[in-house]
Amino acid sequence: MLDIGFVRDNIELIKKVIKNKGEDLDISCFIELDKQRRKLILKRDEKRRKRKEISKKIGELKREGKDTESREKEARRLTKEVKSYDESLSKIEDDINEILKRIPNIPHQSVPVEGDEIVIRKWGNKREFDFEPLSYLDLCNSLSILDLKRGVKVSSTSFPLYKGDGAMLERSLINFMIDTHISRGYTEVFTPFLVNRESMYGTGQLPKLEYDMYRIEKDDLFLNPTAEVPITNMHKNESILLEKLPIKYVGYAASFRREAGSYGKDTKGLIRVHQFNKVELVKFTYPDNSYDELESMLEDVEVILQQLGITYRIRLLPVNDMSFASAKTYDVEIWAPVLKRWLEVSSVSNFEDFQARRAGIKFKGGGKTGYVHTLNASGVALPRLFISLIENYETSDGTVKIPDKLIKYMGKQEIINR
RNA sequence: GGAGGGAUGGCCGAGUGGAAGAAGGCGCACGACUCGAAAUCGUGUUUCCGAUAAAAGUCGGAACGGGGGUUCGAAUCCCUCUCCCUCCGCCA
């Protein structure tokens, strides 16, 4: 959410951002609503001031045993007036809030508007094969490390089931990534997977994306679409002491997405699934250095891929590709040499104070208070990493070599074979 | 699921209809004392909204878990929701 005063002073800029981010929102009535709101507050507060004065007097007179009837009558009238102002006011404030919570975040000035491909960095080489490689799905089938059919049987389509060395590889990757991030200064957290409505609102998934989430209707809880939600909301409605910043968390969570409306695209295999594992990084920072923290967070993600020897590139997303709450986002994409595709495994974003204002996450200290900046990144999402890893490490005899860094996590196993 | 108790400032904790943004303590900040520190003494120490101002600030309003009600007036009375604690039940 943006500050109401900022919206008041930057209405044209905001209209432009709404258009560039492709949101469907009309804010033309905001200025008038805001004017009315402030006018009403002024009037109401004046009535309240008068009533307060009279009430105080009544108290004094009563103690002296004097008659207060005429004053009580006056105060009754004022109370009625205050009430009627309050009613109009809360109506207007509801309207204003409906608008405010649907206004997307303002992009950072370094973010380009139009969709040219802006690759800011590449690492590694695209693997070339001197044999006919198998697709990751064929290879996983022949090695019996994925059992997607049985995943469908126990749940439904696009709920993957890993088996044997596949399950262990998944678990090894999670542990490897968490350990690596811990060694780089992150504190591990393991959060609930189900989150409440307020949390979903706090990080900005609601109200826009309600239909994309799994929801437990009976308890009005949502299955987290990303660990960003539970981790960022850990500090919901808190004031964090300045000297504790930055706070850096790493956490694993299974993530759930209905992917409504994306049927027909990547429906096969692991590229787009309803449940997937993800290791998430979240930072709470002092506003002045959040962009430095964004860069270092990007490096934290890169280190994972470098250690696994996975070729990647980094794109700076233009405004029209950015999410609702983000001010600046890098996408990290890894190369899948058999699919011959770049696969997104992480979005590294600075939300500035947009989420913090929604969730009430403040800092205080040194005589100052304000909203913290929140950042997050996947470090990284598992299914696509799994794909790329299988394809990058498959051998001509139909086995998969385990990357050096993972061997200790695989019980010293160096190869996956039949 | 049933019965009872509770939620007050950074923390502890008083306060059951009027002069209370809230006693007292702790903590913290500044000052005095000191060579310096501790101890002691003094002063200060919440946030939000609106108006005004270039700004510091000044003025007004609001806030005692959330929402609603009673009343001229609510931390205090009533209703409701959430959360925490104790006991019983159920279950891993």
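Every chain is numbered from 1 and lettered A, B, ... according to where its sequence line falls, protein lines coming before strand lines. Because the structure is predicted, anything quoted here is derived from the model rather than measured.
For A:Ile41, counting side-chain heavy atoms from C-beta on, the closest listed nucleotide (B:G73, B:A19, B:G50) is B:G50. Candidate nucleotides B:C72, B:G10, B:G60 were compared by shortest atom distance to the side chain of A:Asp45, and B:G60 ranks first.
Side-chain rings of A:Tyr291 and A:His108 approach one another, their centers coming within less than 6.0 Å. Residues A:Tyr162 and A:Phe386 bring their aromatic ring centres within 6.0 Å.
One finds no side-chain N or O of A:Arg49 lying less than 4.0 angstrom from the OP1 or OP2 phosphate oxygen of B:G60. Side-chain nitrogen and oxygen atoms of A:Ser239 include none within less than 4.0 Å of the OP1 or OP2 phosphate oxygen of B:U47. The side chain of A:Lys83 places an N or O atom within less than 4.0 Å of a non-bridging phosphate oxygen (OP1 or OP2) of B:U70. In terms of phosphate contacts, A:Lys47 brings no side-chain nitrogen or oxygen within less than 4.0 Å of OP1 or OP2 of B:G60. Between A:Arg37 and B:G50 there is a side-chain N or O to OP1 or OP2 distance below 4.0 Å.
Following rounding to the nearest Å, A:Lys56 (NZ) and B:A20 (C1') show an atom-to-atom distance of 11 Å. Remark: P of B:U70 and CZ of A:Arg76 are 13 Å apart, rounded to the nearest angstrom. In this structure, A:Lys362 atom NZ and B:U47 atom P are separated by 8 Å, rounded to whole Å. A:Glu53 has its CD atom 15 Å from the C1' atom of B:G18, to the nearest Å. Remark: P of B:G50 and CD1 of A:Ile92 are 14 Å apart, rounded to the nearest angstrom. The separation between A:Ile58 atom CD1 and B:C72 atom P is 8 Å, rounded to whole Å. Nucleotide B:U71 holds its P atom 18 Å from the CZ atom of A:Arg48, rounded to whole Å. Regarding A:Ile361, its CD1 atom lies at a distance of 18 Å from the P atom of B:U47, rounded to whole Å.
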- Between A:Gln355 and A:Glu228, does a side-chain hydrogen bond (donor to acceptor under 3.5 Å, both in side chains) hold up when you go through it step by step? CA-CA 11 Å; A:Gln355 293 180 328; A:Glu228 166 194 348; 2.8 Å; yes

- Task: Decide yes or no on side-chain hydrogen bond (donor to acceptor under 3.5 Å, both in side chains) for A:Asn196 and A:Ser199, but give the supporting numbers first.
- Result: CA-CA 6 Å; A:Asn196 59 33; A:Ser199 294; 3.0 Å; yes

- Message: Let's go through A:Lys21 and A:Ser323 carefully: what are the C-alpha distance in whole Å and the side-chain angles of both, what is the deciding distance for side-chain hydrogen bond (donor to acceptor under 3.5 Å, both in side chains) to 0.1 Å, and is it a yes or a no?
- Response: CA-CA 8 Å; A:Lys21 274 198 172 176; A:Ser323 73; 5.9 Å; no

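Taking atom P on both nucleotides, B:A75 is separated from B:G21 by 8 Å, rounded to a whole Å. With C1' as the reference atom, B:C11 and B:U46 are 14 Å apart, rounded to whole Å. B:G44 sits 27 Å from B:A51 when the C1' atoms are compared, rounded to a whole Å. Rounded to the nearest Å, the gap between the C1' atom of B:A32 and that of B:C72 is 49 Å. For the P atoms, the distance from B:A55 to B:A39 is 42 Å, rounded to whole Å. Rounded to whole Å, the C1' atom of B:U45 lies 24 Å from the corresponding atom of B:A37. Separation of the C1' atoms belonging to B:G42 and B:U82 is 44 Å when rounded to the nearest angstrom. Here, B:U76 and B:A7 have their P atoms 12 Å apart, quoted to the whole Å.
Under the 3.5 Å distance criterion, the side-chain polar atoms of A:Gln413 are matched with a main-chain donor or acceptor of A:Ile415.
Of the candidates A:Arg49, A:Lys50, A:Lys56, A:Arg49 is the only one forming a side chain to side chain contact (heavy atoms under 4.5 Å, CB included) with A:Glu53.
Within the nucleic acid shown, A:Thr369 comes within 4.0 Å of sugar-phosphate atoms alone, with no base atom in reach, counting heavy atoms only. As judged by a 4.0 angstrom heavy-atom cut-off over every strand, A:Arg71 is placed among residues making no nucleic acid contact. Counting any heavy atom pair closer than 4.0 Å across all strands shown, A:Arg44 reaches no nucleic acid atom. A:Lys57 comes within 4.0 angstrom of no nucleic acid atom, judged by non-hydrogen atoms across all strands.
In this structure, A:Lys248 forms a cation-pi arrangement with A:Tyr186, its terminal cationic atom sitting closer than 6.0 Å to the ring centre and no more than 45° off the ring axis.
Paired regions of RNA chain B, where each region holds three or more successive Watson-Crick or G-U pairs whose two hydrogen-bonding distances fall under 3.5 Å, are B:1-7 with B:82-88, B:10-12 with B:24-26, B:27-32 with B:40-45, B:46-52 with B:57-63, B:65-69 with B:77-81.
Using cut-offs of 30° and 60° on the angle between ring planes, the pair A:Phe190 and A:Tyr252 is parallel.
Heavy-atom distances to RNA chain B give each of A:Glu46 and A:Gly59 a nearest nucleotide, and the one nearer the 5′ end belongs to A:Gly59. Mapped onto RNA chain B by nearest heavy atom, A:Lys52 and A:Arg38 fall at different nucleotides, with A:Arg38 at the one closer to the 5' end.
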